[in-house]
There are 2 protein chains.
Amino acid sequence: MDKQLRHQLIKQAILEQTINSQSDIVAYLAKKGYQITQATISRDISELHLIKVAQNGEFVYRLPQTRPDNQGTDAFHTLLNDANAQISRQDNLINVETLPGSGSVIANAIKQRRWPEIFAVIPTDDSALLIIKKDSAAVDAVWARLASVLG
Amino acid sequence: MDKQLRHQLIKQAILEQTINSQSDIVAYLAKKGYQITQATISRDISELHLIKVAQNGEFVYRLPQTRPDNQGTDAFHTLLNDANAQISRQDNLINVETLPGSGSVIANAIKQRRWPEIFAVIPTDDSALLIIKKDSAAVDAVWARLASVLG
DNA sequence: CGTGAATATTAATTCAAA
DNA sequence: TTTGAATTAATATTCACG
């Protein structure tokens with residue numbers, strides 16, 4: 001398994017669920033079909049600069065709460081990765097979740113691409129919702145383009 | 001020794017030097033003349049919401065960058081009711097209408113719940129639109145949860 | 001409650017191997 | 001380099017007590 005992909009999945013796990021321990025991540029990856037050991041997760045956490053912090057009495061892993069300071073001028077892929085963008089899809093919607101404060105920047109960057117399949121882009125503080133023209137191939141196309149830029 | 005004072009000293013230690021482990025803090029306090037065990041430091045770190053993060057190749061403790069969100073169910077309940085939240089639904093959408101200006105606050109609060117059925121949350125000035133994953137049971141689940149919090 | 005001592009659990013590292 | 005298995009180290013928790 002590719003390390004880049006694993007890093008992406010780990011970030012996704014942390015955004016999607018409550019991760020209390022490294023074995024939670026091992027379990028998450030196992031459910032996705034990847035058998036990874038705790039030792040590797042430990043290294044990944046170090047490399048991703050994930051933080052461990054108390055939340056309600058229990059410890060959780062979180063993404064580093066830094067904000068990309070190179071907004072506007074940098075490469076598209078740097079922008080998306082600095083904002084820790086995570087994508088999910090349903091029907092003709094693709095949701096791009098970002099660090100708080102980066103939603104509109106990411107939304108603008110995506111708009112500027114002027115991908116023809118995109119019908120509308122809705123920014124929030126920490127996300128950009130892409131409404132794709134009703135055409136399943138179009139959703140796949142946009143998804144693939146975003147995925148290739150992440151990781 | 002007073003807990004409050006110890007907490008102060010721990011924060012000071014983290015600001016003054018590089019703290020790699022809890023025993024570093026034990027040593028710091030010992031040098032100040034206080035004999036404290038690792039178990040207590042562990043509890044303090046939890047209470048202070050200190051974070052552990054990789055820096056260069058090593059792990060360091062740092063102060064929390066963002067305020068710990070200790071919004072429990074009570075706060076959530078109060079928040080929604082104070083904003084006079086009203087919910088309505090259609091297909092996989094749930095619209096939460098609020099007092100003008102409260103949309104983003106409510107949207108954030110809902111996002112922080114991390115309910116797994118929610119695909120995306122779109123705030124407006126006076127509402128939060130919840131897009132639920134396409135699964136009728138999921139819509140019911142979210143609806144029930146919101147309804148239980150209102151009124 | 002808050003704490004230390006002991007313990008259990010979790011996480012980082014070492015080492016061999018691919 | 002990257003990784004897993006084994007190991008060590010670090011940290012969270014349990015238990016007893018003040």
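Every chain is numbered from 1 and lettered A, B, ... according to where its sequence line falls, protein lines coming before strand lines. Worth saying up front: this structure is predicted, and the values here are computed from it rather than measured.
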> K11(A) and N84(A): side-chain donor and acceptor closer than 3.5 Å?
Replying inline: yes
> To the nearest Å, how far apart are N20(A) CG and dA8(C) P?
Replying inline: 21 Å
>> Checking contacts here: which listed nucleotide (dA12(D), dG4(D), dA5(C)) is nearest the side-chain heavy atoms of F59(A)?
In response: dA12(D)
>> Is the phosphate of dT11(D) approached by Y61(B) (side-chain N or O, under 4.0 Å from OP1 or OP2)?
In response: yes
>> Just the rounded figure in Å: distance from P of dT2(D) to CD of Q4(A).
In response: 9 Å
> Which of the following nucleotides, dA12(D), dA5(C), dT13(C), is nearest to the side chain of R43(B)?
Replying inline: dA5(C)
>> Can you tell me which nucleotide in dT10(C), dT13(D), dA12(C) comes closest to the side chain of S42(B)?
In response: dT13(D)
> Under 3.5 Å, is there a donor-acceptor pair linking the side chains of Q22(A) and Q38(A)?
Replying inline: yes
> Which value, rounded to the nearest 0.5 Å, describes the distance between S148(B) atom OG and H77(B) atom NE2?
Replying inline: 8.0 Å
> Nearest 0.5 Å, what's the CZ-CD distance between R6(B) and E47(B)?
Replying inline: 7.5 Å
> For the side chain of T40(A), counting heavy atoms from C-beta on, which of dA12(C), dT3(D), dG4(C) is nearest?
Replying inline: dT3(D)
>> Between the side chains of R145(A) and D140(A), is the shortest nitrogen-to-carboxylate-oxygen separation below 4.0 Å, so that they form an ion pair?
In response: no
>> Any carboxylate oxygen within less than 4.0 angstrom of a Lys/Arg side-chain nitrogen, looking at D44(B) and K3(B)?
In response: no
>> Any base atoms under 4.0 Å from Q35(B), or only sugar-phosphate, or nothing? Heavy atoms, all strands.
In response: sugar-phosphate
>> In whole Å, I'd like the distance from the CG atom of D44(A) to the P atom of dT3(D).
In response: 7 Å
> Does K3(B) or A39(B) map to a spot on DNA chain C nearer the 5' end, using the closest nucleotide for each?
Replying inline: K3(B)
> Rounded to the nearest Å, what distance is computed from the CG atom of residue L50(B) to the P atom of nucleotide dT11(D)?
Replying inline: 12 Å
> Under 4.0 Å between a side-chain N or O of K52(B) and OP1 or OP2 of dA12(C)?
Replying inline: yes
> Between T37(A) and dA5(D), does any side-chain N or O lie under 4.0 Å from OP1 or OP2?
Replying inline: no
>> How many whole angstroms separate atom CD of E47(A) from atom P of dA11(C)?
In response: 16 Å
> Any idea which of dT3(D), dT3(C), dA12(D) is nearest the R6(B) side chain?
Replying inline: dT3(C)
> Given atom CG of D2(A) and atom P of dT2(D), what is their separation to the nearest angstrom?
Replying inline: 10 Å
> Do the side chain of Q38(B) and the base of dA10(D) come within less than 3.5 angstrom through a donor-acceptor pair of N or O atoms?
Replying inline: no
>> Any base atoms under 4.0 Å from I36(A), or only sugar-phosphate, or nothing? Heavy atoms, all strands.
In response: sugar-phosphate
> Expressed in angstrom and rounded to an integer, what is the separation of I25(B) atom CD1 from dG4(C) atom P?
Replying inline: 14 Å
> Among dA12(D), dA5(C), dA12(C), which nucleotide sits nearest the side chain of Q22(A)?
Replying inline: dA12(C)
> For the pair made of CD1 in I45(A) and C1' in dT3(D), what is the distance, rounded to whole Å?
Replying inline: 16 Å
